[in-house]
Amino acid sequence: MPGNVVHVNNPICKSTPAQTMPPKKSLRGGPVKSKQSESPASSGKEQEDEDFTVDVGRKKRKAPQAEKSGKTTNTGAAAEKKVYCHWLMKSEPESRFEKGVDVKFGIEDLKALPNQTGCWDGVRNYQARNFMKDMKVGQRAFFYHSNCKEPGIAGLMKIVKEAYVDHTQFDKKDAHYDPSSKPENPKWSMVDVQFERMTKRFIPLAELKKYHLQHKVKGGALKDVALFTRARLSVQPLTREEFDFILSLEEQHPI
DNA sequence: GCCAACGTTGGC
DNA sequence: GCCAACGTTGGC
């Protein structure tokens, strides 16, 4: 573990939710409490999730600047919002300095945190943030290694706390400080995630791309996967089919 | 290090 | 609201 937990910082996680830490490096203390137990969603049984769409009536254009998420221009008509239950979240496993701060945070870093749990902070893109706001406790996400020697999926994690204010937006020392965001009206959110397991084998981006290209032609689960159709999004939704297909690759020989 | 894709900003 | 300039992401 990082000598001092201190800066595991990335577009991601640092702190451990629960955690009481020396006041000094605060940040880390994490966001307040982490009641990991009583989580709404996971009470009772694992709700078998299936993707579906919800009628959200007409969209209210709130207004923040560029806050348009999809291309759904919505002129009054009823809008539909797809509900996802599976996710892919990107983080960089290799050191890189942003504003003097190392943003490295690979799956091993998550695993090394107390309770193998951390908060996914640093997301500064509205679409990605909105997807995090849609996440529910108990849902699974792939931990994707980006901007590194071998990009691809390294493991699985679970959402253990739903979206709440990302405190790093107010921290001048943080790599993702956002001076335009005010505490009275925070712009950015984060969720807490817990390491679940490594995938049985690393699933390289290049392999996923081969399937994507193949599926675009012949049809298949990955024909529209966000990893390629919305490549720059750091938090992406996956349909159940996409998630299951990718997970099944663990058992297959690489192509 | 290059650069394509695409998100954000800000003038008009 | 349009759109050019600019900035960022992230594969290669």
Side-chain angles (χ1 to χ4, degrees), chain A residues 8-13 58-77 79 87-110 120-134 141-155 166 168-172 174-182 185-190 199 202-216 222-238 242 246 249 254-255:
Chain A
V8 196
N9 168 23
N10 194 49
I12 314 303
C13 323
R58 49 193 76 230
K59 247 186 224 170
K60 36 177 186 173
R61 230 345 23 122
K62 309 243 276 121
Q65 63 250 67
E67 184 151 359
K68 351 164 162 270
S69 353
K71 354 201 109 195
T72 35
T73 317
N74 200 325
T75 353
W87 312 96
L88 178 147
M89 302 171 86
K90 301 180 182 178
S91 186
E92 304 182 35
E94 295 171 7
S95 279
R96 185 173 66 80
F97 290 83
E98 216 174 293
K99 290 161 69 180
V101 182
D102 192 354
V103 296
K104 168 185 186 296
F105 189 79
I107 195 163
E108 297 296 345
D109 297 304
L110 175 61
W120 206 266
D121 61 36
V123 170
R124 298 292 182 266
N125 169 282
Y126 292 107
Q127 290 189 61
R129 179 204 64 184
N130 292 344
F131 283 130
M132 284 201 297
K133 287 183 168 180
D134 290 338
F142 286 123
F143 195 123
Y144 177 90
H145 280 170
S146 73
N147 204 15
C148 56
K149 206 65 76 55
E150 243 220 314
I153 292 171
D166 176 349
T168 67
Q169 66 198 300
F170 309 121
D171 178 4
K172 294 191 172 66
D174 194 272
H176 304 103
Y177 169 59
D178 181 358
S180 74
S181 181
K182 301 299 169 216
N185 187 20
K187 284 186 179 175
W188 308 111
S189 304
M190 63 186 180
T199 43
F202 181 80
I203 303 172
L205 176 67
E207 180 178 343
L208 293 168
K209 188 162 194 173
K210 287 179 197 166
Y211 283 110
H212 168 63
L213 294 174
Q214 198 174 292
H215 291 185
K216 272 207 300 186
L222 301 192
K223 73 183 166 63
D224 296 319
V225 73
L227 195 53
F228 304 106
T229 59
R230 307 165 77 181
R232 295 177 38 185
L233 250 196
S234 67
V235 175
Q236 313 187 341
L238 291 168
E242 289 165 344
I246 293 171
L249 296 179
I255 62 168

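Order of the sequence lines sets the chain letters (A, B, ...), proteins ahead of strands, with each chain counted from 1. Just so it is clear, the model here is predicted, and its values are computed rather than measured.
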Novice: Check side-chain hydrogen bond (donor to acceptor under 3.5 Å, both in side chains) between A:Ser181 and all other residues, then give those that pass, not counting sequence neighbours.
Specialist: A:Gln169
Novice: Go through the structure and list residues passing ring-ring contact (aromatic ring centres under 6.0 Å, His included) with A:Tyr211, not counting sequence neighbours.
Specialist: A:His215, A:Phe245
Novice: Treating primed atoms plus P, OP1 and OP2 as sugar-phosphate and everything else as base, which nucleotides of nucleotides 2-12 of chain C get B, S or - for protein heavy atoms under 4.0 Å?
Specialist: -----BBBBSS
Novice: Would you please name every residue forming a salt bridge (Lys or Arg N to Asp or Glu O under 4.0 Å) with A:Arg232, sequence neighbours left out?
Specialist: none
Novice: Listed by chain and number, what are the side-chain hydrogen bond (donor to acceptor under 3.5 Å, both in side chains) partners of A:Asp134, not counting sequence neighbours?
Specialist: A:Lys81
Novice: Holding to side-chain contact (heavy atoms from CB on, under 4.5 Å), I want the full list of residues that pass it with A:Lys209, two or more places apart in sequence or in another chain.
Specialist: A:Leu213, A:Phe228
